[in-house]
Number of protein chains: 2
Amino acid sequence: MRLGPLFTDLYQLTMAQAYWASGKQDSRATFELFFRKCPFQGEFAVLAGFDTVQQLLHQFRFEAEDIRYLKSLPQFAHSPESFFEALKSLHLNDIEIKSAREGEIVFAREPLMQIKGPLWKVQLLESALLNAINFSTLVATYARRIRMLTPQKTLVEFGLRRAQGPNGAMTATRSAFLGGFDSTSNVAGGRHFGIPVVGTMAHSFVQSFYDEGPLGANQPNRGELAAFRAYAQTFPTSCLLLIDTYDTLASGLPNALKVFEELKSLGHRPLGVRLDSGDLAYLSREARRTLDAAGFGDAKIFVSNELNEAVIQSLNDQGACIDAYGVGTHLVVSADQPALGGVYKLVELNGHPRMKISQQTEKLVVPGEKVVHRMFGKDDIMICDWLTTVQDSPPKVDEEVTAIHPLDPFKRVRLAARRIESLLSPIYSQGRWLADDSLCESRRWSLNRMDQLRPDIFRRQNPTPYKVSLSPTLKALLDDLYNKEAPVPRIH
Amino acid sequence: MRLGPLFTDLYQLTMAQAYWASGKQDSRATFELFFRKCPFQGEFAVLAGFDTVQQLLHQFRFEAEDIRYLKSLPQFAHSPESFFEALKSLHLNDIEIKSAREGEIVFAREPLMQIKGPLWKVQLLESALLNAINFSTLVATYARRIRMLTPQKTLVEFGLRRAQGPNGAMTATRSAFLGGFDSTSNVAGGRHFGIPVVGTMAHSFVQSFYDEGPLGANQPNRGELAAFRAYAQTFPTSCLLLIDTYDTLASGLPNALKVFEELKSLGHRPLGVRLDSGDLAYLSREARRTLDAAGFGDAKIFVSNELNEAVIQSLNDQGACIDAYGVGTHLVVSADQPALGGVYKLVELNGHPRMKISQQTEKLVVPGEKVVHRMFGKDDIMICDWLTTVQDSPPKVDEEVTAIHPLDPFKRVRLAARRIESLLSPIYSQGRWLADDSLCESRRWSLNRMDQLRPDIFRRQNPTPYKVSLSPTLKALLDDLYNKEAPVPRIH
């Protein structure tokens, strides 16, 4: 199904027409994409979703059938032909997008993307860009959180069956890998993105071996043994056995050991066992002890079953003997934070800073096109993302600046950076996509980037907020515009 | 991006090969798709996802490039050519799928779909079918829950920007409509599925009118007034104004009234106002009062802003004056229940009932291919879904039967139905898709179906579980198989 530019909220199109009717369509607009709160009660996120952004930009052209459909809607029944002509000839050659790198560690209330161009076009891109960034960033961030909890373990993404349709699953596979997962069960995802794929057997495989005579209630299940043997014969060099179909310790484990011995006598090393139910801390320790005692010290223990960050933390704390985690549901649709609330706001029009005022202070938008200076301190650790206006002279290394919290003016610090990076750089210009890092490069870079982040910022419990602060000029602009534009309500 | 049959978990393919190696591939298998717990702490669900199921079945063919990719994987490095030949010539002509109707009200632990055919093929369909059904059913169910809370209100789906990629958004749009929503903001969704689309303006539109001289701090914002006028001129017959950009009561509402008066003098009736922040109960009552007093009693009040079932219930309880709800994030990714845990289990092989045993009792699978008799009592109200074996003689009208809870043998009842339906009927056979109800038909049928459900089953607080019960024969089969196959673990 081709989506094209109709993959948007209708109001983008009604606004487009109203911009045309008011002669505002070509006003030079800057919109910024950001989120107001980091997901998972954390203090960082991992930016992701560039593949979808690239695709959506690439297919952003109104075809004749799109126009026909719009004309059929009651909303556009009286629209002038000139508006449809404008849609038909729409191109994005005059759109410029700057963005933080894919995989960059980003924070709340700073622009992650900056989109500039004619007002009506930049407006039309909103819904698609948010759709692309919100979900990918959420999954990449959750994957990174689990990666930081278990730096030495193998992490496998198992989310296909719980994701929002095929496309949701594919995006989750890509984002989990970017976040730090090692592999996926999703074969199409593995192929499309070049990610290692893994998988062995489900319970149905074990159940399907039933014709082995009496299976026995007080002994290891004979059907299970037959299933394990069949699997080992088919995959002698990568034999990983699911041992919880009947009873993990009373049946699965002794059956697996029998088959492992047989493999060993043929000169093969078994890969290990998988647990998918029960008390994983207890069962993994028992399995480890038994495997070690039988001389299979290098057989791995894989676990799955509704794993999430908290469960993995708890398994760690209990000294569970686990080598690899398969994470599905909670990675693709986390109950801890089912969606990222990324937004896309007009901040400047024809050189005039604009702001969204709100009775909910946390929804205030800092006005004006911003430059984000990422400031590094000693040991090359990030200390502050300092937001300035375009007119502000850029900060210099070792020169003190004042950084003010955007919503809490009582919070301000002075700092001097030993090194400064610019967070945003062009990814789309003159109709061309410029961000050509491979997924593997972005992943490696992103994982290394964590070394420049203070650990208290990414710890699970009460993480310290990273400073995203305004220059005094930008703060003054915010105050000034607020005072000018927001009425002071009179209460009765 | 073509997905095809590689859109699956790798273990389906490794199992497929092991089935081939063991000569089991063509064993006649029956798998059943079901969920163990109704979502949202409720006691019902609305089955959805047929369009994705149809698509996935339709494209289920291994192309040469798929085979090439599989051969490149380490797991299949030693696989015999005959296995790849089998994949290459795979077709689904010998697969039979029965299912409950799309839009059917379904319950936990009953088969929603039954898939029969050669073991390896039925196994290969698992991941894709679960992906298709889980998410759609979840959204349709949530939409239905909101529909039942607010039978008289207009419900609009606004989830595009928070869904899992374009495909997730499209699926959400379709499922929300099936569940009972009236319209969507997603234009591509509206076109593709024939759903009404709605939308007017965002804050950026209001903000973009800034050049009206001093905007004034203690009076309604003049830029906002200019924006409203421009919109009203463009859409005089469908003028809905977003009134919370600067201050709802001090600016947005008086500006809207001014423009409504102007429209009225030109002979147009304004559509209404939208609130997107603040205390919606209070603001909607104030807006209603003001609109009524100004003679705009038929102007509607639309609200949005992180609405979910609980918030809508609370707005109802507070007597908020709201005509239409826009629900986005929480509909497409509900924190109350981010995923439906639908599963797909082998229940019969070559005529032998199979079961998945588990140390978690709620994960036990009732063995055997089942027939689901939906029993209706007086006033044609559903009273029980009675599961029997295929060999059981079917229940007759007015004849008493015994119905036993699948996991709690102390719970059993006797009942006689006044009318009986068969829940499952063929939707796919001999390579053909048979379920040809239109989305609108399914939606209408599904909404009417609620009249046959006792209200205590779909109420929000402590809903009564609907009875999904076993016939005595089926219960005996379950007990027998459990005793034969599950070892009794010895504890120390």
Side-chain angles (χ1 to χ4, degrees), chain A residues 3 6-11 14-15 18 21-22 69 127 130-131 134-135 160-162 164-168 171 185 187-188 191 197 199-201 203-205 207-208 210 215 218 230-231 234 246-247 250-251 277-278 329 333 335 338-339 346 349 352 354 356-360 485-487 489, chain B residues 3 6-11 14-15 18 21-22 69 127 130-131 134-135 160-162 164-168 171 185 187-188 191 197 199-201 203-205 207-208 210 215 230-231 234 246-247 250-251 277-278 329 333 335 338-339 346 349 352 354 356-360 485-489:
Chain A
L3 292 174
L6 291 197
F7 181 63
T8 189
D9 293 301
L10 182 70
Y11 71 0
T14 50
M15 283 191 278
S22 329
Y69 172 71
S127 303
L130 287 174
N131 175 280
N134 272 332
F135 174 58
L160 189 152
R161 65 191 59 195
R162 303 287 162 79
Q164 295 187 1
N167 195 293
T171 306
S185 68
V187 186
R191 176 175 58 167
V197 289
T200 53
M201 69 177 69
H203 299 110
S204 52
F205 183 79
Q207 293 168 262
S208 75
Y210 59 91
L215 299 167
N218 292 315
Y231 195 84
T234 317
Y246 297 106
D247 186 289
S251 181
S277 60
T329 312
V333 275
L346 175 67
L349 195 63
H352 294 268
R354 304 302 305 133
K356 155 92 176 74
I357 288 160
S358 177
Q359 283 156 296
Q360 296 166 254
E485 301 206 0
Chain B
L3 291 173
L6 291 197
F7 182 64
T8 189
D9 292 302
L10 182 70
Y11 73 0
T14 51
M15 283 191 278
S22 329
Y69 172 70
S127 304
L130 287 174
N131 175 280
N134 273 332
F135 174 57
L160 189 151
R161 63 191 60 194
R162 303 286 161 78
Q164 295 187 2
N167 197 293
T171 306
S185 68
V187 187
R191 176 175 59 169
V197 289
T200 52
M201 69 177 71
H203 300 110
S204 53
F205 183 79
Q207 292 169 264
S208 74
Y210 60 91
L215 300 169
Y231 194 85
T234 317
Y246 299 106
D247 186 287
S251 181
S277 59
T329 311
V333 277
L346 175 68
L349 196 62
H352 295 269
R354 305 301 306 132
K356 155 90 178 75
I357 287 161
S358 178
Q359 283 155 296
Q360 295 166 254
E485 302 208 359
V488 182

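So that the names make sense, note that chain A is the first sequence line, chain B the second, and so on, each numbered from 1.
Nearest heavy atoms, A21(B) versus T234(A): CB-OG1, 3.4 Å. Scanning all heavy atoms of the two residues, the minimum distance from Q207(B) to R354(A) falls at O-NE, 2.6 Å. When all heavy atoms of L160(B) and N131(A) are compared, the closest pair comes out as O-ND2, 2.7 Å.
Contact count versus chain A (heavy atoms, under 4.5 Å) is highest, among D247(B), T171(B), D9(B), T329(B), for D9(B). In terms of heavy-atom pairs under 4.5 angstrom with chain A, the leader among H203(B), R161(B), M201(B) is R161(B). Note: S208(B) leads S208(B), G278(B), G168(B) in heavy-atom pairs under 4.5 Å with chain A. Chosen from R162(B), H352(B), R191(B), the residue pairing most often with chain A at heavy-atom distances under 4.5 Å is R191(B). Among A18(A), S127(A), A250(A), the residue with the largest count of heavy-atom pairs under 4.5 Å with chain B is A18(A). When each of L346(A), V187(A), V333(A) is scored by its heavy-atom pairs under 4.5 Å with chain B, the top score falls to V187(A). Counting heavy-atom pairs under 4.5 Å between each of S277(A), S251(A), G199(A) and chain B puts G199(A) at the top. When each of F135(A), Y11(A), Y231(A) is checked for heavy-atom pairs under 4.5 Å with chain B, Y11(A) comes out on top.
Residues Y69(B) and V197(A) form a side-chain contact, since some pair of their non-hydrogen atoms from C-beta on lies under 4.5 Å apart. With a 4.5 Å cut-off on side-chain heavy atoms, F205(A) and T14(B) do not count as touching. Residues S204(A) and M15(B) are in side-chain contact: their nearest non-hydrogen atoms beyond the backbone lie under 4.5 Å apart.
Contacts of N134(A) with chain B are made by side-chain atoms alone, with heavy-atom separations under 4.5 Å and no backbone atom involved. For S22(B), the part sitting under 4.5 Å from any heavy atom of chain A is the side chain, from C-beta outward, and nothing else.
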